[in-house]
Asks: 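Can you read through this structure? Questions will come right after.
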Amino acid sequence: MSNEEIVGGKYKVLKDRYYTETDEWITIENNTAKVGITDYAQKKLRDIVGVDLPQVGREVRLGEQVATVESVKAAADIYSPLSGKITEVNEELTTSPELINKDPYGNGWIFKLELSDTKEIEKLLSYEQYIDTIKKREGL
């Protein structure tokens, strides 16, 4: 069984993740969340030319703006999908922001977060719910 589903013929959504309405993806291992932006988001932004990463050690709340991704088209705020402490950022993005375009679900991850309230995970979208979100936006 494939781990991915293609929406509208062009947007990849992985089944092993959680999602947000603001187009972040999340994987959770032990008490740490890894966060990036979705294939849909990176395709809408087009060529990403810069990333403003959050500071390691920063305490963040669910929904708080923590990073910015700049593309040739626009700048997009990245929001924390959960509350906790930033434990690691993907420093490789400072010299190679295009990794988000090339591999949004892999090497293009943005930050890791030590969770302070695991109950918030219930507020995230499943991959099916995220697919429905994309379909509504795209009129599919």
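The basis for the numbers below is simple: all heavy atoms, side chains too, and nothing from hydrogens, waters or symmetry mates. Heads up: numbering here begins at 1 and tracks the sequence.
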Asks: Under a 4.5 Å side-chain heavy-atom rule over Ile, Leu, Val, Met, Phe, Trp and Tyr, are I86 and I28 clustered together?
Replies: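 Yes; I28 is reachable from I86 via cluster members.
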Asks: Is there a donor-acceptor contact under 3.5 Å from the side chain of E24 to the main chain of I26?
Replies: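 Judged by distance alone, no pair lies under 3.5 Å.
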Asks: Please determine whether a side-chain nitrogen of the Lys or Arg among D39 and K43 lies less than 4.0 Å from a carboxylate oxygen of the Asp or Glu.
Replies: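 Counted as a salt bridge, because a side-chain N and a carboxylate O are separated by less than 4.0 Å.
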Asks: State whether the side chain of T94 and the backbone N or O of E91 hold a donor-acceptor pair below 3.5 Å, judged by distance alone.
Replies: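 Yes; judged by distance alone, with no hydrogens or angles, the pair exists.
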Asks: What's the spacing between R17 CZ and E4 CD if we round to 0.5 Å?
Replies: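 Output value for this atom pair is 10.5 Å.
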Asks: If you measure from OG on S80 to CD1 on I78, what distance do you get to the nearest 0.5 Å?
Replies: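 With rounding to 0.5 Å, OG (S80) is 11.0 Å from CD1 (I78).
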Asks: So V72 and V49, side-chain contact (heavy atoms from CB on, under 4.5 Å) or not? Walk me through it.
Replies: CA-CA 7 Å; V72 294; V49 296; 3.8 Å; yes
Asks: Find the distance between NZ (K12) and OG (S2) and round it off to the nearest 0.5 Å.
Replies: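 So the gap between those two atoms works out to 9.0 Å.
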Asks: I'd like to know if the side chain of T133 and the backbone of Q129 have a donor-acceptor N/O pair within less than 3.5 Å.
Replies: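 Confirmed, T133 side chain pairs with Q129 backbone.
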Asks: First locate atom CG of L82, then atom CD of E64, and finally report the distance between them rounded to the nearest 0.5 Å.
Replies: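 Spacing of CG (L82) from CD (E64) equals 12.5 Å.
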Asks: Hey, are the side chains of V89 and P54 touching, using non-hydrogen atoms and a 4.5 Å cut-off?
Replies: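 Answer yes - side chains close enough.
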Asks: Taking side-chain contact (heavy atoms from CB on, under 4.5 Å) as the criterion, tell me which of Y40, W109, Y127 meets it with W25.
Replies: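 So the option named by the test is W109.
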Asks: I'd like to know if V51 and L45 are part of one continuous hydrophobic network [Ile/Leu/Val/Met/Phe/Trp/Tyr, side-chain heavy atoms within less than 4.5 Å].
Replies: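 Cluster IDs for L45 and V51 match.
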Asks: Are the side chains of K135 and V7 in contact, using a 4.5 Å heavy-atom criterion?
Replies: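 Yes - at least one pair of side-chain heavy atoms lies under 4.5 Å apart.
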Asks: Could you walk me through whether R137 and D23 pass the salt bridge (Lys or Arg N to Asp or Glu O under 4.0 Å) test, one step at a time?
Replies: CA-CA 12 Å; R137 290 181 192 166; D23 303 309; 2.7 Å; yes
Asks: Report yes or no: does D77 contribute a side-chain atom to a donor-acceptor pair with the main-chain N or O of T68 at less than 3.5 Å?
Replies: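 Here the side-chain-to-backbone pair does not exist.
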Asks: CD1/I48 to CG/N101 distance, rounded to the nearest 0.5 angstrom?
Replies: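 Between atom CD1 of I48 and atom CG of N101 there are 4.5 Å.
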Asks: Tell me, do E29 and K34 make a side-chain contact under 4.5 Å, heavy atoms counted?
Replies: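 With C-beta onward as the side chain, the pair stays apart.
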Asks: Test V66 against every option in L53, D52, V60 by the side-chain contact (heavy atoms from CB on, under 4.5 Å) rule and name the one that passes.
Replies: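 Of the listed options, the one satisfying the test is V60.
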Asks: Closer than 3.5 angstrom, by distance alone: can the side chain of E120 be matched with the main-chain N or O of S83 as a donor-acceptor pair?
Replies: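 Yes: the side chain of E120 pairs with the backbone of S83.
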Asks: Between K123 and E21, is there a salt bridge with N-O shorter than 4.0 Å?
Replies: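 Looking at E21 and K123, the cut-off is not met.
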Asks: Hey, is the main chain of E114 close enough, under 3.5 Å, to the side chain of N31 for a donor-acceptor pair?
Replies: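 Side chain of N31 to backbone of E114: no pair is present.
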Asks: Which atom names give the shortest non-hydrogen contact between F111 and P81, and what distance separates them?
Replies: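 Scanning both residues completely, I find the closest heavy atoms to be CZ-CD, 4.2 Å.
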Asks: Has K102 got more than 12 heavy atoms of other residues, nucleotides or ligands less than 6.0 Å from its NZ?
Replies: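 Incorrect, the count does not exceed 12.
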Asks: Give a yes or no on whether V13 and L125 share a hydrophobic cluster (residues Ile, Leu, Val, Met, Phe, Trp, Tyr; joining criterion: side-chain heavy atoms under 4.5 Å apart).
Replies: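 Linked within one cluster.
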Asks: Cluster question for you: counting only ILVMFWY and a side-chain heavy-atom cut-off of under 4.5 Å, with indirect links fine, are I110 and L124 together?
Replies: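 Linked within one cluster.
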Asks: OH of Y11 to OG1 of T38: how many Å apart, nearest 0.5 Å?
Replies: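 Output value for this atom pair is 10.0 Å.
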Asks: With a 3.5 Å distance limit and no angle check, can you tell me whether D117 reaches the backbone of K119 through a side-chain donor-acceptor pair?
Replies: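 Such a contact is found between D117 side chain and K119 backbone.
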Asks: A side-chain contact here means heavy atoms from C-beta on lying under 4.5 Å apart; do I100 and L93 qualify?
Replies: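 Result yes, sub-4.5 Å side-chain heavy-atom pair found.
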Asks: Could you check whether any side-chain heavy atom of Y18 comes within less than 4.5 Å of a side-chain heavy atom of I121, counting everything from C-beta outward?
Replies: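 Answer yes - side chains close enough.
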Asks: Are V35 and L62 in one and the same hydrophobic cluster, where Ile, Leu, Val, Met, Phe, Trp and Tyr link if side-chain heavy atoms are under 4.5 Å apart?
Replies: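 No, no single cluster joins them.
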Asks: Is there a side-chain contact between E5 and I131 in this structure, where contact means two heavy atoms from C-beta onward sitting under 4.5 Å apart?
Replies: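 They are in side-chain contact.
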Asks: Please verify the inter-ring angle class for Y19 with Y130; under 30° counts as parallel, over 60° as perpendicular, anything in between as tilted.
Replies: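 The arrangement is parallel - the two ring planes meet at less than 30°.
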